[in-house]
Amino acid sequence: MKKLISLLLIAAISLSAFTACGETDAFSDVTTDVAEYTYSSDAEEEPEETEEAEEDSTGTAIYDNTAVVEAYKTGDTSALSQDDLLIYMAVTDAIAEFYTEGMSEYEIILAAHDYITTHVTYDLSELSLVGGASDESSTPYGALIFGEAICMGYTTTFQLMMDMLGVESIIVSGEALDEEHAWNMVCLDGSWYHVDCTWDDYVPDYEGRRAFHTYLMVTDATMEIEHIWDRDSAPTADSEDYIYFYNNGLYAETTEELAAILEKEAASGDLRAEVAIPLENDVEFPELESGTIYAYWRIDLGGYSVIIYYFDEL
């Protein structure tokens with residue numbers, strides 16, 4: 001029998017609200033509703049549902065952010081445990097760094113994603129043959145205080161920020177590359193999108209690194225290339241309206257458009273550029289006046305490819 005995959009959806013909204021994206025105020029009456037589903041590719045296996053789950057598929061307890069979110073809403077931290085108080089202090093400091101009054105929900109999502117992927121390092125001890133990641137690495141404590149996390153730490157930190165700032169968001173837990181994995185989905189203007197902060201934080205990290213955006217605000221078609229989750233228990237994400245590259249002038253259909261984008265990035269002094277091109281297009285390798293490309297790599301996704309270029313200044 002093939003391995004059963006546990007998938008959890010953790011939200012500040014009830015599961016029934018998935019079909020009414022945007023109609024529920026995620027900032028009011030924040031709760032952590034958890035539903036656990038298991039499935040198998042074997043036909044005789046039936047989906048099994050339990051009323052509540054407090055652990056992910058590896059048996060690791062999932063961080064409950066209710067107390068911290070309530071403290072942020074009310075300004076009263078007296079009920080917080082010592083660990084939650086430290087998380088509260090760290091996350092409010094983080095929000096103060098990237099959030100300003102009047103930001104749109106898209107700007108909040110982008111800013112939180114970029115903060116996490118540039119301030120958190122993947123806990124490589126998770127990959128070691130001896131030992132493993134600490135329990136804190138699966139929570140905002142590890143991500144925000146120690147600066148190290150595994151996927152659940154990235155995901156629960158992003159979820160905490162979304163709940164505090166009033167953006168409708170959930171956690172999805174499934175598999176990626178045959179390993180347990182977790183990421184978020186957000187609701188924006190009536191449509192759902194995937195956000196995978198872990199997969200946008202490539203290792204090794206380095207000082208002053210920029211955020212990558214390959215898995216920010218993407219569709220099911222992009223995620224299903226390398227991710228597995230229970231599609232019947234999660235909202236559908238099929239809108240391309242807020243894909244990062246489309247919304248930031250980083251989509252090129254011709255070699256001339258690609259060269260213009262890269263020239264602008266190189267001229268700004270940035271030594272790395274992200275660009276998306278149509279999946280079926282093979283644009284020519286451009287020559288630049290402001291820099292020399294010495295390396296690039298390409299990721300084929302649902303409908304388009306992301307190319308990340310590295311170049312030296314002339």
Measuring only between side-chain heavy atoms, which start at C-beta, is [X] closer than 4.5 Å to [Y]?
| X | Y | result |
| --- | --- | --- |
| His181 | Glu175 | no |
| Phe212 | Val306 | no |
| Asp201 | Ile116 | no |
| Ile108 | Met162 | yes |
| Tyr304 | Thr222 | yes |
| Val167 | Ile109 | yes |
| Leu262 | Pro286 | yes |
| Tyr296 | Phe311 | no |

Return the orientation label for the His227 and Trp199 ring planes: parallel under 30°, perpendicular over 60°, tilted otherwise.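 It falls in the tilted class, 30° to 60°.
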
With under 30° as parallel and over 60° as perpendicular, where do the rings of Trp183 and His194 fit, or are they tilted in between?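 If you compare the ring of Trp183 with that of His194, the planes turn out tilted.
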
Answer yes or no: are there more than 12 heavy-atom neighbours, outside Glu287 itself, under 6.0 Å from its atom CD?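 No, because the 6.0 Å sphere around CD of Glu287 holds 12 heavy atoms or fewer from other groups.
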
I'd like to check the salt bridge (charged side-chain N to carboxylate O under 4.0 Å, His left out) partners of [X]; sequence neighbours left out, ordered by chain and number.
| X | result |
| --- | --- |
| Asp196 | none |
| Glu105 | none |
| Glu265 | Arg210 |

I'd like to check the side-chain hydrogen bond (donor to acceptor under 3.5 Å, both in side chains) partners of [X]; sequence neighbours left out, ordered by chain and number.
| X | value |
| --- | --- |
| Asn184 | Gln159 |
| Ser104 | Glu107 |
| Tyr242 | Asp189 |

For Glu168 and Trp192, what are the C-alpha separation, side-chain angles and deciding distance, and is it a side-chain contact (heavy atoms from CB on, under 4.5 Å)? CA-CA 9 Å; Glu168 194 171 349; Trp192 287 94; 3.9 Å; yes

Side-chain donor-acceptor distances from residues 86-98 under 3.5 Å, at least two apart:
unit_1	atom_1	unit_2	atom_2	d
Thr92	OG1	Tyr88	O	2.7
Thr92	OG1	Met89	O	3.0

side-chain contact (heavy atoms from CB on, under 4.5 Å) partners for [X], two or more places apart:
| X | value |
| --- | --- |
| Ser305 | Ile277, Leu279, Arg298, Asp300 |
| Arg231 | Asp220, Glu224, Trp229 |
| Ala67 | Leu80, Asp84 |

Point-to-point distance, once rounded to the nearest 0.5 Å, from [atom1] of [X] to [atom2] of [Y]:
| X | Y | atom1 | atom2 | result |
| --- | --- | --- | --- | --- |
| Glu70 | Thr77 | CD | OG1 | 12.5 Å |
| Thr219 | Asp241 | OG1 | CG | 11.5 Å |
| Asp200 | Tyr154 | CG | OH | 10.5 Å |
| His113 | His213 | NE2 | NE2 | 5.5 Å |
| Leu110 | Met217 | CG | CE | 9.5 Å |
| Asp123 | Glu136 | CG | CD | 10.0 Å |

When you look at Tyr309 and Leu258, which way does the side-chain contact (heavy atoms from CB on, under 4.5 Å) test go after all the steps? CA-CA 11 Å; Tyr309 293 89; Leu258 176 59; 3.3 Å; yes

Minimum-distance pair of heavy atoms, taken over all atoms of [X] and [Y]:
| X | Y | result |
| --- | --- | --- |
| Ala221 | Ile225 | O-CG1, 3.5 Å |
| Ile261 | Gly249 | CD1-O, 3.5 Å |
| Thr156 | Pro140 | OG1-CD, 3.3 Å |
| Ala143 | Val120 | O-CG2, 3.6 Å |
| Leu165 | Tyr72 | CD2-OH, 3.8 Å |
| Ala237 | Val218 | CB-O, 4.2 Å |

Sort and list the pairs that fulfil salt bridge (Lys or Arg N to Asp or Glu O under 4.0 Å) and have at least one residue in residues 242-255, not counting sequence neighbours.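 Non-adjacent pairs meeting salt bridge (Lys or Arg N to Asp or Glu O under 4.0 Å): zero.
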
Could you tell me whether the side chain of Asn248 and the main chain of Tyr244 form a donor-acceptor pair under 3.5 Å?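 Confirmed, Asn248 side chain pairs with Tyr244 backbone.
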
Does any donor atom in the side chain of Ser239 or Tyr193 lie under 3.5 Å from an acceptor atom in the other side chain?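 Result is yes, a qualifying pair exists.
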
Do Asp64 and Thr66 pair up side chain to side chain, a donor and an acceptor below 3.5 Å, judged on atom types alone?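 Judged by distance alone, the side chains do pair up.
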
Can you list every pair that meets ring pair (Phe, Tyr, Trp, His ring centres under 6.0 Å) and has a residue in residues 249-274, with sequence neighbours left out?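 Matches after skipping sequence neighbours: Tyr246-Tyr251.
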
